[in-house]
Amino acid sequence: TGMIPMLINTFTQSINSSVVSYMIAFALITLSMMFIMGDIRLGLISMIPNLTPILMGMSLMYIYDLPLDMFTLLIGSIAIGLAVDDTIHFLHNFKRYYLESGDATKAVEHTFFTTGKAMIITTIVLSLGFYAYMFGQMQSVQNFGFITGSVIIFALLSDLLLAPALMVLISKKGWIK
């Protein structure tokens, strides 16, 4: 009984609920990526650039010794949504350009000049929007803004650096059809 035990119980249940929710989201997003990409392997590989920003955000929390609270619990769901959106746009267009040209390097370049521009602009706008929270009064809101804005940038970097490298690698193996 009392306020402190009730808050501890609420926070514990929030963490447990978030873990279950993240696992369900990961499974559903993986299945969706397989369907969208039209290939099981490509769908599985596409999850690497989607999960990298989440791991980078958790690393930032560790490096800066930021606490896990009700605000920072939300970061993963926001980040995975934004990362998946950019990854879908990049991979879908890459695959289209690759099937047209048969050259992975040209497909990456063409994707950068089309989809890449939009990804960069949306990342700048979204990350600045979240970084604005850093001017808030509460430390937890500042942490939320810092980590979320950074994770959005990590998602872009993952889609501009890691995803193309993976696509070039798997195109050499003949896995893109």
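Position 1 is the first residue of the sequence, and the numbers go up from there.
- A 6.0 Å sphere centred on CD1 of Ile40 holds no more than 12 heavy atoms belonging to other residues, nucleotides or ligands.
- Donor-acceptor pairing under 3.5 Å is lacking for the side chains of Asn93 and His89.
- Annotation: Phe35, atom CZ; neighbour count of heavy atoms from other residues, nucleotides and ligands within 6.0 Å does not exceed 12.
- Partner of Thr148 under the side-chain contact (heavy atoms from CB on, under 4.5 Å) criterion, chosen from Asn143, Leu74, Leu82, Ile75: Ile75.
- Formation of a donor-acceptor pair under 3.5 Å by the Ser21 side chain with backbone atoms of Ser17 is found in this model.
- Between atom CD1 of residue Ile121 and atom CE of residue Met119 there is a gap of 11.5 Å, rounded to the nearest 0.5 Å.
- Separating the OG1 atom in Thr114 from the CD atom in Glu109 is a distance of 11.0 Å, to the nearest 0.5 Å.
- In terms of heavy-atom proximity, Phe112 sits nearest to Pro164 at CZ-CG, 3.8 Å.
- The aromatic rings of Tyr133 and Phe144 sit perpendicular to each other, their planes meeting at more than 60°, with 30° as the lower class boundary.
- With hydrophobic clusters built from ILVMFWY side chains whose heavy atoms lie under 4.5 angstrom apart, Met138 shares a cluster with Phe130.
- Across every non-hydrogen atom of Ile54 and Asn50, the tightest pair is CG1-O, 3.9 Å.
- For Tyr64 and Phe146, the ring centers are positioned less than 6.0 Å apart.
- A distance of 7.5 Å separates CD1 of Ile78 from CD1 of Ile152, quoted to the nearest 0.5 Å.
- Atom CD1 of Ile29 is separated from atom OG1 of Thr87 by 10.0 Å, given to the nearest 0.5 angstrom.
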Quick one, Phe11 with Leu73, criterion side-chain contact (heavy atoms from CB on, under 4.5 Å). Give me CA distance, side-chain angles, the key distance, then yes/no. CA-CA 10 Å; Phe11 188 68; Leu73 275 176; 4.2 Å; yes

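- If you chain together hydrophobic residues whose side chains sit under 4.5 Å apart, Met61 and Met56 fall into the same group.
- Heavy atoms only, all atoms of each residue included: Val151 and Gly57 are closest at CG2-CA, 3.5 Å.
- Atom CD1 of Ile45 sits about 7.0 Å away from atom CG of Leu166, to the nearest 0.5 Å.
- Follow the hydrophobic side-chain contacts under 4.5 Å out from Leu169 and you never reach Leu44; the two are in separate clusters.
- Note that the NZ atom of Lys106 and the OH atom of Tyr97 stand 14.5 Å from one another [nearest 0.5 Å].
- Residue Met47 comes nearest to Met33 through the heavy atom pair SD-CG, 3.9 Å, listed as atom of the first residue, atom of the second, then distance.
- Contact record, Ala163 with Leu91: CB-CD2, 4.5 Å, taken as the closest heavy-atom pair.
- The cluster map of Ile, Leu, Val, Met, Phe, Trp and Tyr, joined by side-chain heavy atoms under 4.5 Å apart, puts Leu66 and Ile15 in the same cluster.
- Defined by atom type and a distance below 3.5 Å, a donor-acceptor pair is missing between the side-chain atoms of Thr12 and Asn9.
- The closest donor-acceptor contact from the side chain of Thr72 to the backbone of Ser140 lies at 3.5 Å or more, if one exists at all.
- Checked by atom type and distance alone, the side chain of Ser171 pairs as donor or acceptor with a backbone atom of Val168 at under 3.5 Å.
- Residues Ile80 and Met58 share a hydrophobic cluster, clusters being chains of Ile/Leu/Val/Met/Phe/Trp/Tyr side chains in contact below 4.5 Å.
- Taking all atoms of both residues into account, the shortest heavy-atom contact from Phe94 to Ala104 is CE1-O, 3.5 Å.
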